[in-house]
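A short write-up of the structure that comes next.
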Amino acid sequence: TMAEATARFVTDHANPLARRALDAEIAAIDQVSSYVCRPRNGTTKLSEHAFANALDWGAIELSDGTTIDVRAYSNSEPRRARLVKDIQEAACGPFKTVLGPGSDADHADHFHFDMAQRRNGGTFCQ
């Protein structure tokens with residue numbers, strides 16, 4: 001389910017954003033965590049990673065060879081900063097949990113996307 005959601009998201013949302021922002025497509029995602037059996041930070045409840053239901057993106061590699069680290073960019077790199085922000089915003093809906101730069105210290109340098117089932121089919125995005 002997670003792999004299919006990621007493929008659809010890249011095709012339907014992230015690639016059009018990358019083309020618009022930087023005139024290139026996403027060639028690869030540098031994932032920093034997928035399946036790992038562990039609890040959520042600071043709790044005893046299992047993370048969605050423990051169910052292979054989450055994927056963390058550390059960087060995006062574009063078809064022109066550019067690598068964009070998922071982190072807050074300064075005003076000196078506005079197009080990259082906009083792409084990171086746009087991808088994070090577009091992920092809310094296709095994924096049920098979206099965390100990334102600006103959400104908390106644990107997610108300042110990567111995206112966390114998961115498919116956790118929530119009450120009433122809702123989402124949690126920060």
Flag yes if I29 and V32 sit in one hydrophobic cluster, no otherwise; membership is Ile, Leu, Val, Met, Phe, Trp, Tyr, and two members link when side-chain heavy atoms are under 4.5 Å apart. no

Is I26 close to L62 at the side-chain level, that is, under 4.5 Å between some pair of heavy atoms? yes

Locate the shortest heavy-atom distance separating [X] from [Y]; write the atom from each residue and the value.
X: H112; Y: A54; result: CE1-CB, 3.6 Å
X: A116; Y: N53; result: N-ND2, 3.7 Å
X: Q126; Y: Q88; result: O-NE2, 2.8 Å
X: D69; Y: A59; result: OD1-CB, 3.7 Å
X: T67; Y: R80; result: O-NH1, 3.5 Å

So, D12 and R8, do they make that salt bridge, N to O below 4.0 Å? no

Separation between OG1 of T6 and CE of M115, rounded to the nearest 0.5 Å: 8.0 Å

CG of D23: more than 12 outside heavy atoms within 6.0 angstrom? no

Would you call the rings of F95 and F9 parallel, tilted or perpendicular if under 30° counts as parallel and over 60° as perpendicular? perpendicular

Can you say whether the rings of H110 and H107 are parallel (under 30°), tilted (30 to 60°) or perpendicular (over 60°)? tilted

Can you list every pair that meets disulfide bond (SG atoms under 2.5 Å apart) and has a residue in residues 63-111, with sequence neighbours left out? C92-C125

Remaining members of hydrophobic cluster (4.5 Å side-chain criterion), L99: F124

Any donor-acceptor pair under 3.5 Å from D64 side chain to T66 backbone: yes

